[in-house]
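Residue numbering restarts at 1 for every chain, and letters A, B, ... go by the order of the sequence lines.
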Amino acid sequence: MHDIRLIRDDPEGFDAVMARRGLAPVADDILALDEKRRELTTKLQEAQSRRNDASKAIGQAMGQGDAEKAEALKAEVAELKKTMPALEEQDREIAKQLEAAMLALPNVLHTGVPDGASEDDNVYLREWGQKPAFDFEPQEHADIAPALGMDFETAAKISGARFTFLRGDMARLHRALGQFMLDNNTREHGFTECNPPLLINEQAGYGTGQLPKFGEDLFWTKDDRILISTSEMVLGNSFREQLFAESDFPMRLTALTPCFRSEAGSAGRDTRGFIRQHQFEKVEMIVASLPENAADELERITAVAEGLLQKLGLHYRVMALCSGDMGAAMMRTYDLEVWLPGQGAYREISSCSDGGTYQPRRMNARYRPDGSKKSEYFHLLNGSGLAVGRTLVALIENYQQADGSVLVPEVLHPYMGGVTKLEPAA
RNA sequence: GGAGCAGUGGCCGAGUGGUCGAAGGCGCACGCCUGGAAAGUGUGUAUACGGUAACCCCGUAUCGAGGGUUCGAAUCCCUCCUGCUCCGCCA
């Protein structure tokens, strides 16, 4: 959501930003609606003003016992009121159109975002570690994991494609990963652990920007609730409709939750394995930050996510998303891509973003700067730390042995109850 | 699921048809007092949109949300949402 004044003041500049996202110009249409609305509103308000004056006069006339005068005024107002419903109706209609148009607009871009049309244009920033060396041909996780307790077939029977049933030590390793990440974020980086609802109402979907445009990517319940596609949706909206003090910041939340995505637009993509699921777990980090600290906070959450990969000994690279690949609600994003030797590819495992004031505006979440009378919008940042399912995939592919077993990284041993290796079933 | 009660400003809380954008308190801001602070004391203190370039000023709207009655609604009526209490059911 944008301040309409941003568009009024610099329509060309606004369209230029939209163009960087590969979108057609919108400012003209928006401003036409805006102008129409202001015109109608002014007319309506003038009528209301006259009505209010007359009503006040009626009250006074009646107070003075001048019934005749009161009746005359009443007749006058009745006449005036004949024109008001139509104005109200038009005003409401235009306001609705304008709001719908505004809600559909994506965020502006941070000046540092590189230009580009697709993920191929994302910019390499740095990397950590190196690709592990194998004295055998490393396998894809989808080939070796079934023998280790990753059961695609059973899940397909009872739920369908893109669901997975984990068993035994595989399930435990998955759980260990989530616990490890959560502990890391809360104990070492000052995040508050949260256990939020997984079902949210439609309004909250608008708050974080999944709605109105991406409703088909979500699972909906019959009573019109949404299964969260990321805990960003709940943690972010936890600030909704509140006014904070400057001293409240920064507010850092983290949660381990399942995430549900219909993957409507990705038919045929990553259909094998555990990479792209309808249901997966993710540890999310959300930071509410003062605008002036947001750039530092983005580096900070990125560093937390990187630290997790480093502790797990997984080679990764950091990419700056280009203008054409950036999520609609974000103004700047870094992706962490982990190396998967079985696939011979880097895959996204964390996405860390500064969303600016876009979401707080949509959810009316503000703060009052010290000594200021006026409230302002703060920044919301989010980052995965990390996608648990994909981290499990990365462990399997990076720590696989020639015999089909998988070593458990040392940092997870405390969570594994003595298990240091996943062994294939005979 | 049934019954009852309630939702007012940053927070608490008064207010059942006109002079209410709303008493009072807390908090906050500024001043006085003080060596400095606390206490005390004085003043100020909702938001959005529009008129405007403007945080002065003017108008409109907002007392959970949406409708309705009325010349006029925080106040009356209807629907919905949320919370609390009791009952039922239940992990």
Secondary structure string for RNA chain B (Watson-Crick or G-U under 3.5 angstrom, | for other-strand pairs): ((((((((.[[[..)..(.....]]]((((((.......))))))((((((.....)))))).[[[[[..)....]]]]])))))))....

Per the side-chain hydrogen bond (donor to acceptor under 3.5 Å, both in side chains) rule, what does the pair list look like for residues 192-208 of chain A, sequence neighbours excluded? A:T208-A:Q210

Classify the nucleic acid contact of A:R225 as base, sugar-phosphate or nothing, counting any heavy atom under 4.0 Å across all strands shown. nothing

Test your reading of the model: is there a side-chain donor-acceptor pair from A:H413 to the backbone of A:V408, 3.5 Å cut-off? yes

So is A:R167 actually on top of A:F165's ring, under 6.0 Å and inside 45° of the axis? yes

Side chain A:S350, main chain A:G385, donor-acceptor under 3.5 Å: no

Residues of residues 32-42 of chain A with a heavy atom under 4.0 Å from any atom of RNA chain B, listed by number, are A:R37, A:R38, A:T42

So, OP1 or OP2 of B:C49: does either fall under 4.0 Å of a side-chain N or O from A:R5? yes

Side chains of A:N52 and A:R50: any donor to acceptor distance under 3.5 Å? no

Quick one: is B:A48 close enough that its OP1 or OP2 comes under 4.0 Å of any side-chain N or O from A:K374? yes

In whole angstrom, give the distance that lies between atom CD1 of A:I58 and atom C1' of B:U19. 15 Å

If only side-chain N and O atoms of A:N52 are considered, is one of them under 4.0 Å from the OP1 or OP2 phosphate oxygen of B:A61? yes

